[in-house]
Structure formats: C-alpha cells, structure tokens
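Contents: one structure, followed by commentary.
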Amino acid sequence: MSQFPAGQTLLIDADDTLWENNVYFERAIAAFISYLNHHTYTPAEIRQALNAVERETILTHGYGLTSFTRSLLECFERLTPGPATEEKRERVAGFARAIATQEIELLPGVAETLADLATRHRLILMTKGNHAEQADKFSRSGLEAYFSAIEIVSEKDPETYLAVIARRELRPHTSWMIGNSPKSDINPALAAGLHAVFLFHKDTWTLEHAEIDVPPDGQHLIELDSFARLASIF
C-alpha cells in the first residue's frame, strides 16, 4: 500500500533519474584524458582542471553538450604542451559529439513505474539544460504520455522552483521533487517548500554532488536506491 494518497504532484528529473546520461560524459572525459596523455599533470589533476573549466563555462553558456564541448576545447588549449591545431581540436570535439549519438537508455523499472504512478498522481518532468537537447531526449524516450507537463529550466535553484510552483499552481504540501542530484533536485526543492525524494545514482555528475540538507519541519525527505521503489511510496 502506498504511503501517500493519490493526487500528489511529482516533479521528476530526467538525466540520471529516468535515463542514463552522465556515464556517456564520463567516457568522453576518459577518452579526452587519454588523448591528452599529459606528462606533467596526472589524470586526476586534468580532471580537476576540467571541472574548473566547466564551472566557468556553465556561467556563460549554461548546461548541455555544446557547453561541455567548449569546456573540453578550453581545457585542451590550457593544458596541451603543443600547438592546438585544428586537427587536434576536431579530435577533442569528436569525444563530445559521440555523446549525441547515444540511444536513450531508460533506467531499470522507469517505464513501468511511471505508467503506474500516472494513474494516481500528476507527473511533471522538470529538467535543466539546453532546451532543444532536453526536449529531444524526452521525445525519444517514449515517456511523454505519462507526463502532464514539462519544465526545462536553465538552472534549478529555489527561485526557479518557486516560479514553477506558482506557474503550475502547485500545493507544496502535496508536491515532491524526485531526482538524483542533491545540488539541483533535493536541496533547492526543500528550500522552496517542497517534499523531496533522493534517488541514488552511482554516476551522478561530480559538479552535482553536495551534502543533503535536513528537511524543514513538516517536509518529507525520502532516500531510495531505485526508481521502481517509488511505486510503494506513492
């Protein structure tokens, strides 16, 4: 029996909550580090440098594959010991392009669980990133029928959640954010007055890591290790 009654609103993250995503970026990064084959910096130091570049790029170009490509190229130019020829730049960009060709790989139990939840609750996809990229992945996922609305935002912070609450006329005491990122899905949603469900994913992007906040009085925080377990909660 479900722990919460029918009629909840479930805001559900996309990347690494509904389908695999960051694992493809990690493969591209591993290929980039191998190609760089640096004799001064260790692979860990190169990764730290890339993380720093990504933080900079996000501020000016947001999230998504285009931003990631910029970060790889900028990191390459900063660290490469030789001239950054056009041939080398094209090779680096190719590591990122390989991500775009990946098929949508749903995480275990996602389709069945969404089909079940949609019979009792209002489901809204809430994801951040490049609008065209995220909309395309959602379209290719085969999951559109289960959602009543989609929110693609440039950032997930408390102000964004408050705007969605107002726009979708949500009641915070029956509304939840469900996702794998403490930084984007859990902490800001709790700060905006929503309940939250943290879904652990072993390959969550390192820039999305954060300590999970203690929920304010009257708000729920549930931690699960699989999407399918949502059916026993809701």
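Judged purely by distance below 3.5 Å, without hydrogens or angles, the side chains of S154 and K128 never pair a donor atom with an acceptor atom. Counting only N and O atoms by type, the side chains of E54 and S71 include no donor and acceptor under 3.5 Å apart. Using a 3.5 Å distance cut-off with no hydrogens or angles, the side chains of R47 and N51 do pair a donor with an acceptor. Between the side chains of T17 and N180, at least one donor-acceptor pair of N or O atoms lies under 3.5 Å.
The minimum heavy-atom distance between G179 and I186, with the atom names listed, is O-CD1, 4.0 Å. Of all heavy-atom pairs spanning E103 and R140, the tightest one is CA-NH1, 4.3 Å. Considering every non-hydrogen atom in both A231 and D116, the closest pair reads CB-OD2, 3.5 Å. Closest approach of E155 to S184, counting heavy atoms only: OE2-OG, 4.4 Å. For the pair C75 and I46, the tightest heavy-atom approach, listed with the atom from each and the gap, is SG-O, 4.4 Å. Here the closest non-hydrogen pair linking S148 and I124 is OG-CG1, 4.0 Å.
Between the side chain of S139 and the backbone N or O of A135, no donor-acceptor pair lies under 3.5 Å. Remark: side-chain polar atoms of S175 are paired, donor with acceptor, to backbone N or O of R171 under 3.5 angstrom. Checked by atom type and distance alone, the side chain of T204 never pairs as donor or acceptor with a backbone atom of S181 at under 3.5 Å. Side chain of D203 to backbone of E20: no donor-acceptor contact under 3.5 angstrom is found.
Between I12 and L114 there is a side-chain heavy-atom pair separated by less than 4.5 Å. In this structure the side chain of V110 reaches within 4.5 angstrom of the side chain of F227, judged on heavy atoms. Contact check for M126 versus T160: side-chain heavy atoms found under the 4.5 Å cut-off. Annotation: side chain of K156 is in contact with side chain of M177 (closest heavy-atom distance under 4.5 Å). At least one side-chain heavy atom of E151 sits less than 4.5 Å from a side-chain heavy atom of R167. Counting only heavy atoms from C-beta outward, the side chains of D16 and V23 never approach each other to under 4.5 Å.
Salt bridge R229/E223: absent, no basic N to carboxylate O contact under 4.0 Å. Comment: D15 engages K137 in a salt bridge, judged by a side-chain N to carboxylate O separation of less than 4.0 angstrom. Ion pairing of R70 with E74 is absent here, as no side-chain N (NZ or NE/NH1/NH2) approaches a carboxylate O to less than 4.0 Å.
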Can I get a per-line list of side-chain donor-acceptor pairs under 3.5 Å for residues 88-100, giving both atom names and the distance, sequence neighbours left out?
unit_1: R89; atom_1: NH1; unit_2: E77; atom_2: OE2; d: 2.1
unit_1: E90; atom_1: OE2; unit_2: R97; atom_2: NH1; d: 3.3
unit_1: E90; atom_1: OE2; unit_2: R97; atom_2: NH2; d: 2.6

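Cluster annotation: I212 is not connected to W205 through the hydrophobic network of ILVMFWY side chains, with a link wherever side-chain heavy atoms come within less than 4.5 Å. V53 and F32 fall into different hydrophobic clusters, where Ile, Leu, Val, Met, Phe, Trp and Tyr are joined by side-chain heavy atoms under 4.5 Å apart, directly or via other members. No single ILVMFWY cluster, assembled from side-chain heavy atoms under 4.5 Å apart, contains both I222 and F198. At a threshold of 4.5 Å between side-chain heavy atoms, the hydrophobic network of Ile, Leu, Val, Met, Phe, Trp and Tyr places Y35 and Y24 in one connected group. Cluster membership for L50 and L65, using ILVMFWY side-chain heavy atoms within less than 4.5 angstrom, is shared.
A distance of 6.0 Å separates CG in L117 from CG in L123, rounded to the nearest 0.5 Å. Atom CG of N22 is separated from atom OG1 of T206 by 9.0 Å, given to the nearest 0.5 angstrom. To the nearest 0.5 Å, the span separating CD1 on I178 from CD on Q8 amounts to 10.0 Å. In this structure, the separation between CG on L194 and OG1 on T9 is 9.5 Å, given to the nearest 0.5 Å. Distance check, rounded to the nearest 0.5 Å: CG of L106 to CH2 of W19 gives 8.0 Å. Rounded to the nearest 0.5 angstrom, D185 CG and D13 CG are separated by 4.0 Å.
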Residues E133, T66; criterion side-chain contact (heavy atoms from CB on, under 4.5 Å); working and verdict: CA-CA 10 Å; E133 289 178 15; T66 299; 4.0 Å; yes

Working for side-chain contact (heavy atoms from CB on, under 4.5 Å), residues L230 and L224: CA-CA 8 Å; L230 288 168; L224 302 176; 3.7 Å; yes

Residue pair L11, L170: steps toward the side-chain contact (heavy atoms from CB on, under 4.5 Å) verdict: CA-CA 10 Å; L11 301 171; L170 305 186; 4.2 Å; yes

Side chain to side chain donor-acceptor pair (under 3.5 Å) assessment of Q134 paired with N130: CA-CA 6 Å; Q134 294 303 98; N130 178 279; over 6 Å; no

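Listed by first and then second residue, the ring-ring contact (aromatic ring centres under 6.0 Å, His included) pairs that reach into residues 141-184 are F4-W176, F138-F147, W176-H195, W176-H220, W176-F234, sequence neighbours excluded. The ring-ring contact (aromatic ring centres under 6.0 Å, His included) contacts involving residues 60-92 comprise F25-F68, where partners must be two or more places apart or lie in separate chains.
Results of the side-chain contact (heavy atoms from CB on, under 4.5 Å) test with L18 over T127, L125, L199, I104 single out L125 as the only residue that passes.
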